[in-house]
Amino acid sequence: MPSVTLKPLSEQVVVITGATSGIGLATARMAAQQGAAVVIAARNEEALNALADEIRSKGGRAEPVVADVADMAQMEAISEAAIRVFGGFDSWCNNAAVAIYGELEDVPLEDQRRLFDVNYWGVVHGTLVAARHLKGKGGAIVNTGSVLSDRAMALQGAYSAAKFAVKGVTESFRTEFDAEGYPISLTLVKPGPIDTPYMEHARNLMGTPGTRNPPPSYHPRVVARAILYACETPVRDLVVGGGGWMIPALGRLAPKLTDLMMSKIAKPSQSSDQPGREERRDNLYEPKEDLAETSSLSGPPPRRTSFLLEAQMNPLGPAGLMLGAAALLAGAAVGMYTMRRPKPLPQRLSDRAWRLGRSLADEARHGIGSLGHEAGRIAHRARGYADHAEREARPLLRRARKESERFADRARRYASSFYDDARERGEDLYEGARDRGRSLYRDARGRGEDAYEDVRDQGWGLFKRARADGREAYEDTRDRGWSLFGHARDRGEDAYEDARDRGWHLFKRARADGHEAYEDARDRGWSLFGRARHEAEKRGRHAVHEGESLLDRVNAFLKSRL
């Protein structure tokens with residue numbers, strides 16, 4: 001396995017997909033607070049720009065990139081932006097995901113494909129793009145999986161299947177990176193139920209008003225701590241939340257019982273009468289309202305620490321020691337159970353050797369005669385050796401059992417003492433936090449009431465002043481309006497009378513001109529008519545004369561011929 005060295009987070013450039021909501025949003029804010037430069041990617045451009053402005057206003061460095069992780073070209077654009085703005089990146093966190101609640105036969109296939117495009121192919125795209133940049137310089141890739149990759153959850157079948165695929169492809173990438181000698185740390189973070197807008201963003205096909213997480217749920221900042229820890233520390237897997245870890249563990253020990261239990265609690269534990277914020281509902285194909293780390297649903301407050309996660313990140317700390325003590329207790333219990341079996345292990349081995357020897361002896365005796373006697377002698381010798389081993393092992397077994405019982409008792413006392421101490425400290429911290437909270441609440445309430453009364457008084461004063469100013473402005477405007485209206489009416493009446501007089505004058509002139517033109521045209525017409533009639537009569541007479549003359553010539557010609 002290649003040696004992997006990771007930079008401190010304050011010196012890193014971290015790429016985070018799905019950065020505008022839930023775990024991704026908490027991770028981006030926490031990374032920026034710890035000094036890392038962040039390249040934040042999501043589909044919601046407005047929310048991305050708002051988050052980048054928020055980080056920059058606090059002195060951080062952020063570069064927003066609008067991208068859908070289902071598209072390989074858009075994922076490559078994220079890497080190009082990181083290289084262009086920050087010269088590269090050191091950690092890449094594949095976090096974007098969508099969800100669907102409902103029975104598999106009720107979920108359309110196109111919706112299931114869309115979920116896989118985001119939840120599975122988004123991780124594949126991101127890992128491929130990140131590996132191209134990191135295989136030469138080294139760095140970390142962190143994939144956000146789920147405890148549902150170890151045990152599927154009814155009514156989240158497509159989501160569980162995608163997380164199973166994410167777990168498989170992460171393990172495949174890890175072994176291939178090791179084989180190639182890439183200095184890349186690849187971590188799979190498996191959260192349990194987390195109080196994010198996941199439930200409100202999910203597509204709900206259960207026929208219920210809303211959805212919810214099976215309890216207990218954890219705050220998304222607990223997962224953000226695990227992701228950023230993996231950016232600094234090479235680690236294989238991190239599980240967040242002991243409640244989510246117990247179900248897969250129970251499934252391995254009693255699968256049929258777990259199936260029965262899951263079938264009974266699936267619908268009640270995941271359905272709710274609260275639909276949540278309508279603006280966030282169903283972001284399978286289009287982004288919806290973002291910039292919230294936790295959901296808007298009511299219920300018990302999410303847990304802000306995970307004992308199991310603390311034990312994984314700090315094995316030598318209190319959480320790790322308590323987890324180790326629990327493991328030792330479990331081992332001691334198994335050992336005691338094993339030693340109390342009806343037949344100890346040496347005796348079982350001797351019996352097995354005796355049966356094998358007898359079988360070989362019988363086969364040899366019936367087969368080749370002389371060898372059977374030798375095999376029987378060897379079997380008898382083996383039985384003797386086994387009996388001797390059993391006699392030698394018995395005091396050792398008794399001693400081991402006593403030592404195990406003594407160690408188990410010591411571990412139990414240590415764990416009980418540690419638990420009592422932790423409980424007392426927790427009660428003290430709780431009471432202190434409760435008192436401080438009540439004091440802060442009373443102080444805030446008093447300050448809020450004072451501020452409210454002050455704002456109310458200022459508001460009434462401004463309202464009265466505005467009302468008085470408004471009345472004066474209204475009366476002044478009304479008087480000016482009436483004055484302008486009267487002036488305009490007077491000017492309009494004068495203009496109307498002037499236009500009417502000019503119109504009548506022009507009409508009379510036009511009528512007189514028309515009469516003159518009519519009479520002139522009539523006279524000219526009658527004159528032309530008389531001239532034309534006279535000319536026509538003259539031409540008629542001439543034509544009659546010419547005709548009569550022609551007729552006389554024709555008659556004379558005819559007479560001369562006859």
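Numbering starts at 1 and runs along the sequence shown.
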> Got a sec: does the CE of Met261 have more than 12 other heavy atoms crowding it under 6.0 Å?
Replying inline: yes

> Looking only at heavy atoms, which two atoms of Phe177 and Ala131 are closest? And how far apart?
Replying inline: CZ-CB, 3.8 Å

> For Arg277 and Glu200, what are the C-alpha separation, side-chain angles and deciding distance, and is it a salt bridge (charged side-chain N to carboxylate O under 4.0 Å, His left out)?
Replying inline: CA-CA 7 Å; Arg277 291 179 59 81; Glu200 298 169 278; 5.8 Å; no

>> Does Lys264, at its NZ atom, have more than 12 non-hydrogen atoms belonging to other residues, nucleotides or ligands within less than 6.0 Å?
In response: no

> Do you see a donor-acceptor pair shorter than 3.5 Å between the side chains of Gln270 and Thr211?
Replying inline: no

> Is the backbone N or O of Arg281 less than 3.5 Å from a side-chain atom of Lys288, with the two atoms forming a donor-acceptor pair by type?
Replying inline: yes

> Donor-acceptor pair, Ser57 side chain versus Glu54 backbone, under 3.5 Å?
Replying inline: yes

> So, does Thr17 use its side chain to make a donor-acceptor pair with the main chain of Asn95 at under 3.5 Å?
Replying inline: yes

>> What verdict does the salt bridge (charged side-chain N to carboxylate O under 4.0 Å, His left out) test give for Arg280 and Asp290, after you've listed the backbone C-alpha separation in whole Å, the side-chain angles of each residue and the deciding distance to 0.1 Å?
In response: CA-CA 7 Å; Arg280 297 180 185 175; Asp290 283 327; over 6 Å; no

> Going by distance alone, is a donor N or O of one side chain under 3.5 Å from an acceptor N or O of the other, for Thr170 and Asn143?
Replying inline: yes

> Is there a side-chain contact between Leu25 and Leu51, using heavy atoms and a 4.5 Å cut-off?
Replying inline: yes

>> Within the supplied structure, the quantity of interest is the number of heavy atoms (other residues, nucleotides, ligands) at a distance under 6.0 Å from Glu171 CD; does it exceed 12?
In response: yes

>> Any heavy-atom pair between the side chains of Met153 and Met262 that's under 4.5 Å?
In response: yes

> Would Thr305 and Glu310 count as a side-chain hydrogen bond (donor to acceptor under 3.5 Å, both in side chains) if you check the C-alpha gap in whole Å, the side-chain angles of each, and the deciding distance to 0.1 Å?
Replying inline: CA-CA 8 Å; Thr305 57; Glu310 295 297 330; over 6 Å; no

> Of all heavy-atom pairs between Val222 and Ser306, which one has the smallest distance, and what is that distance?
Replying inline: CG1-CB, 3.9 Å

>> Looking at every heavy atom in both Leu250 and Thr258, which two are closest together, and how far apart are they?
In response: O-OG1, 3.2 Å

>> Go through it in stages, so that I can follow the logic: the residues are Arg43 and Gln74, the test is side chain to side chain contact (heavy atoms under 4.5 Å, CB included), and I'd like the CA-CA distance, side-chain angles, deciding distance and then a yes or no.
In response: CA-CA 10 Å; Arg43 294 177 294 171; Gln74 296 185 42; over 6 Å; no

>> Tell me if the CD atom of Glu286 is crowded by more than 12 foreign heavy atoms within 6.0 Å.
In response: no

>> For a quick test of reading the model, state the closest non-hydrogen atom pair linking Val39 to Ile78 and the distance between them.
In response: CG1-CG2, 4.1 Å

>> Please find the pair of heavy atoms, one from Val240 and one from Ala226, that lie closest to each other, and give the distance.
In response: CG2-CB, 4.0 Å

>> Keeping Asn204 on the side-chain end and Met206 on the backbone end, is there a donor-acceptor pair under 3.5 Å?
In response: yes

> Going through the checks in order, is the side-chain hydrogen bond (donor to acceptor under 3.5 Å, both in side chains) test met by Asp195 and Ser217?
Replying inline: CA-CA 6 Å; Asp195 183 33; Ser217 65; 5.2 Å; no

>> Please determine whether the number of non-hydrogen atoms from other residues, nucleotides or ligands lying under 6.0 Å from atom CZ of Arg29 exceeds 12.
In response: yes

> With the threshold set at 4.0 Å, does a side-chain nitrogen-carboxylate oxygen contact exist between Glu293 and Arg221?
Replying inline: yes

> Under 4.0 Å between a Lys/Arg side-chain N and an Asp/Glu carboxylate O for Asp111 and Arg203?
Replying inline: yes

> For the residue pair Phe86 and Ala37, what are the closest heavy atoms and their distance?
Replying inline: CE2-CB, 3.9 Å

> When you check the gap from the basic side-chain N to the acidic O, do Asp150 and Lys163 get nearer than 4.0 Å?
Replying inline: no

